[in-house]
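Report on one structure; see the data block that follows.
Because the structure is a prediction, the values reported are computed rather than measured. Quick note: numbers below take in every heavy atom, side chains included, and nothing from hydrogens, waters or symmetry partners.
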Amino acid sequence: MDYLYMLGAFILSIILGKPTVNYLRKLKMGQEIRQEGPKSHYVKSGTPTMGGIFIIATYVICAIVYMILKKGDLKTALFLMVAPILYGLIGFLDDYEKITKKTNLGLTAKQKIFLQILFAALITIYARFVLKFDTVIELPFTKKTLDIGIFYYLVMILMITSSTNAVNLTDGLDGLCGGVSAVVLVAVGVVSRMYDASEVQYFSHILSGALLGFLVYNIYPAKVFMGDTGSLFIGGYLATVFLLLKQPLHLILIGLVYVVETLSVIIQVLHFKRTGKRFFRMAPIHHHFEMKGYQENKIVTAFVFVTFIIALVYIGLSRYGIL
């Protein structure tokens, strides 16, 4: 039944996509390309952004249908619906600022991080005192749990904030973030079934379907970008899911591509500060491969394929109780 929701979300996303793209184009909601980026991206200037709007709309509509028909845990379902929207709101404000200012700079770094930490704190507090979560997390590969006590708040806020930014960094090539995230979400949905986490199972497949529909308009050459509206929403969803599953460390495994993208930026910055030279030709690492001459669609295909292999490993390890 959960795959029917995925199919429904896929179809709805395609239906909502065309008028949304046309409307964004009519409003001239075009992406500004940063000058220091790859020269091959200059032709993308003016491509409609904020396509995450119809990803979110599809997700919310299908989530409401689920809540009406399935009548599961309403508190958890609302949590899974509202928490990611908070991060989508940050992305929307950032995208809007970029468009109105006609630059690639939206909200300041301080503004974004403040809002991200604030929402992460609210999400963590809701989980603790409304959903009645304890401070125990699962340790991967050990079959053990650890009560981290007061550090629970710090760990969850760090996990939520870092994961949203990691997904955001992955959104740099046509179809990259959407393709990688769609695969990750299918795997999360499959594994959630093993844990009898019904809301996570269904909602993950719904969002995966919404992303697959979005990819119809976003694969190379993209007709629309998801913008920070979409990427921060996806990151917020994944963080919320692994908080609910009490498996924050598992996100590092299934989200390995996000982790590598983030590490490439950290390495680039630290290496440049220490030596005055770049470690990569450009960061995040997908731009490094672009600068080396690899075609954009081939880079995306490789990253999605790697994510698919990781997803199979993740599902297998979970299925046999190893993870």
> Which is it for Phe225 and Met50 under the side chain to side chain contact (heavy atoms under 4.5 Å, CB included) test, yes or no, and what are the steps along the way?
Replying inline: CA-CA 6 Å; Phe225 302 137; Met50 297 173 70; over 6 Å; no
>> Take a 6.0 Å sphere around OH of Tyr195 and say whether it holds more than 12 heavy atoms from other residues, nucleotides or ligands.
In response: yes
> Would you say Thr47 and Lys223 make side-chain contact, with heavy atoms under 4.5 Å?
Replying inline: no
>> I'd like to check the side chain to side chain contact (heavy atoms under 4.5 Å, CB included) partners of Asp196; sequence neighbours left out, ordered by chain and number.
In response: none
>> With no hydrogens and no angle check, just 3.5 Å: does a side-chain donor-acceptor pair link Thr229 and Asp95?
In response: yes
>> Can a donor-acceptor pair be found, under 3.5 Å and without considering hydrogens, that links the side chain of Asn218 to the backbone of Gly175?
In response: yes
>> Assess, by modelled atom type and distance only, whether the side chains of Asp228 and Asn168 contain a donor and an acceptor separated by less than 3.5 Å.
In response: yes
> Can you list the residues that meet the ring pair (Phe, Tyr, Trp, His ring centres under 6.0 Å) rule with Phe272, with sequence neighbours excluded?
Replying inline: none
> What pairs meet the side-chain hydrogen bond (donor to acceptor under 3.5 Å, both in side chains) rule with one or both residues in residues 157-166, with sequence neighbours excluded?
Replying inline: Gln116-Asn165
> Do Ile99 and Leu27 belong to the same hydrophobic cluster, where Ile, Leu, Val, Met, Phe, Trp and Tyr are linked whenever their side-chain heavy atoms lie under 4.5 Å apart, directly or via other members?
Replying inline: yes
> Side chain of Ser208, backbone of Ala182: donor and acceptor closer than 3.5 Å?
Replying inline: yes
>> Between Met67 and Met81, is there a side-chain heavy-atom distance shorter than 4.5 Å?
In response: yes
>> With rounding to the nearest 0.5 angstrom, report the CG to CD1 distance, Leu212 to Ile14.
In response: 9.0 Å
>> For a 4.5 angstrom cut-off between non-hydrogen side-chain atoms, does Ile55 reach Leu207?
In response: yes
> So does Phe133 have more than 12 non-hydrogen atoms from other groups sitting under 6.0 Å from CZ?
Replying inline: yes
> Any link between Ile252 and Leu244 through a network of hydrophobic side chains (Ile, Leu, Val, Met, Phe, Trp, Tyr) touching at under 4.5 Å?
Replying inline: yes
>> Going by side chain to side chain donor-acceptor pair (under 3.5 Å), name the residues that satisfy it together with Lys70, two or more places apart in sequence or in a different chain.
In response: Tyr202
> Same cluster for Phe289 and Leu173 if Ile/Leu/Val/Met/Phe/Trp/Tyr side chains link at under 4.5 Å?
Replying inline: yes
> Between the side chain of Thr100 and the main-chain N/O of Glu97, is any donor-acceptor distance below 3.5 Å?
Replying inline: yes
>> Is there a side-chain contact between Glu290 and Met282 in this structure, where contact means two heavy atoms from C-beta onward sitting under 4.5 Å apart?
In response: no
> What do the steps show when you test Val260 against Leu263 for side chain to side chain contact (heavy atoms under 4.5 Å, CB included), and what is the final call?
Replying inline: CA-CA 5 Å; Val260 171; Leu263 286 176; 5.6 Å; no
> With His205, which residues qualify under ring pair (Phe, Tyr, Trp, His ring centres under 6.0 Å), at least two apart?
Replying inline: Tyr3
> Under a 4.5 Å side-chain heavy-atom rule over Ile, Leu, Val, Met, Phe, Trp and Tyr, are Val257 and Leu169 clustered together?
Replying inline: no
>> How close do Ala197 and Leu245 get, counting heavy atoms only, and between which atoms?
In response: CB-CD2, 3.8 Å
> Quick one: ring pair (Phe, Tyr, Trp, His ring centres under 6.0 Å) partners of Phe280, sequence neighbours excluded?
Replying inline: His288
>> For the CD1 atom of Ile123 and the CG atom of Leu131, what is their distance to the nearest 0.5 Å?
In response: 11.5 Å
> What pairs with Ile148 under side chain to side chain contact (heavy atoms under 4.5 Å, CB included), at least two apart in sequence or on another chain?
Replying inline: Ile137, Leu146, Phe151, Tyr152, Val155
> What residue pairs, at least two apart or across chains, pass side-chain hydrogen bond (donor to acceptor under 3.5 Å, both in side chains) with a residue in residues 121-131?
Replying inline: Arg128-Tyr153
> Could you give the distance from CG (Leu176) to CD1 (Ile219), rounded to the nearest 0.5 Å?
Replying inline: 13.5 Å
>> In the structure I gave you, are the side-chain heavy atoms of Leu24 and Thr49 within less than 4.5 Å of one another anywhere?
In response: no
>> To the nearest 0.5 Å, what is the distance between NZ on Lys277 and OG1 on Thr275?
In response: 7.0 Å
> Ser204 and Val241: which non-hydrogen atoms are nearest, and at how many Å?
Replying inline: OG-CG2, 4.4 Å
> Rounded to the nearest 0.5 Å, how far apart are CG of Asp174 and CE of Met226?
Replying inline: 11.0 Å
> Are Leu253 and Val200 connected in the hydrophobic side-chain network, where two residues link if heavy atoms are under 4.5 Å apart?
Replying inline: yes
> Considering only heavy atoms from C-beta outward, does the side chain of Met6 approach that of Val186 to under 4.5 Å?
Replying inline: yes
> Can you find a heavy atom in the side chain of Phe203 that is under 4.5 Å from one in the side chain of Thr76?
Replying inline: no
> Is it the case that Ser198 and Gln201 place a side-chain donor and acceptor less than 3.5 Å from each other?
Replying inline: no
>> Quick one, Leu232 and Val167 - any side-chain contact, counting heavy atoms below 4.5 Å?
In response: no
> If you look only at pairs with a residue in residues 227-261, which of them pass as a ring-ring contact (aromatic ring centres under 6.0 Å, His included), with sequence neighbours excluded?
Replying inline: Tyr59-Phe233, Tyr59-Tyr237
> Do Met194 and Val190 pass the side chain to side chain contact (heavy atoms under 4.5 Å, CB included) test, and can you show the C-alpha distance, the side-chain angles, and the key distance before you say yes or no?
Replying inline: CA-CA 7 Å; Met194 303 174 192; Val190 171; 4.2 Å; yes
> Does a donor on one side chain sit under 3.5 Å from an acceptor on the other, for Gln295 and Tyr220?
Replying inline: no
> With distance as the sole test, does Asn22 use its side chain to make a donor-acceptor pair with the main-chain N or O of Lys18 at under 3.5 Å?
Replying inline: yes
>> Using the side chain to side chain contact (heavy atoms under 4.5 Å, CB included) criterion, which residues pair with Leu69? Sequence neighbours excluded.
In response: Tyr5, Val65
> Stepwise, does the side chain to side chain contact (heavy atoms under 4.5 Å, CB included) test hold for Ile285 with Phe303?
Replying inline: CA-CA 11 Å; Ile285 198 168; Phe303 275 49; 4.0 Å; yes
> How far apart are the closest heavy atoms of Met159 and Leu243, and which atoms are they?
Replying inline: CE-N, 3.9 Å
> Under the salt bridge (Lys or Arg N to Asp or Glu O under 4.0 Å) rule, what pairs show up with a residue in residues 243-271, not counting sequence neighbours?
Replying inline: Asp134-Lys246
> Hey, mind stepping through Ser13 and Tyr217 against side-chain hydrogen bond (donor to acceptor under 3.5 Å, both in side chains) and telling me if it holds?
Replying inline: CA-CA 10 Å; Ser13 183; Tyr217 304 96; over 6 Å; no
> Distance from Asp73 atom CG to Leu78 atom CG, nearest 0.5 Å?
Replying inline: 9.0 Å
Per-pair distances, 0.1 Å, donor-acceptor, side chain in residues 313-323, under 3.5 Å, sequence neighbours excluded:
residue: Ser318; atom: OG; partner: Tyr314; partner atom: O; Å: 2.9

> What closest approach, in Å, do Pro284 and Ser264 show between heavy atoms, and which atom pair accounts for it?
Replying inline: CA-OG, 3.4 Å
>> Applying the side chain to side chain contact (heavy atoms under 4.5 Å, CB included) criterion to Leu12, which one of Leu7, Ile206, Thr58 satisfies it?
In response: Thr58
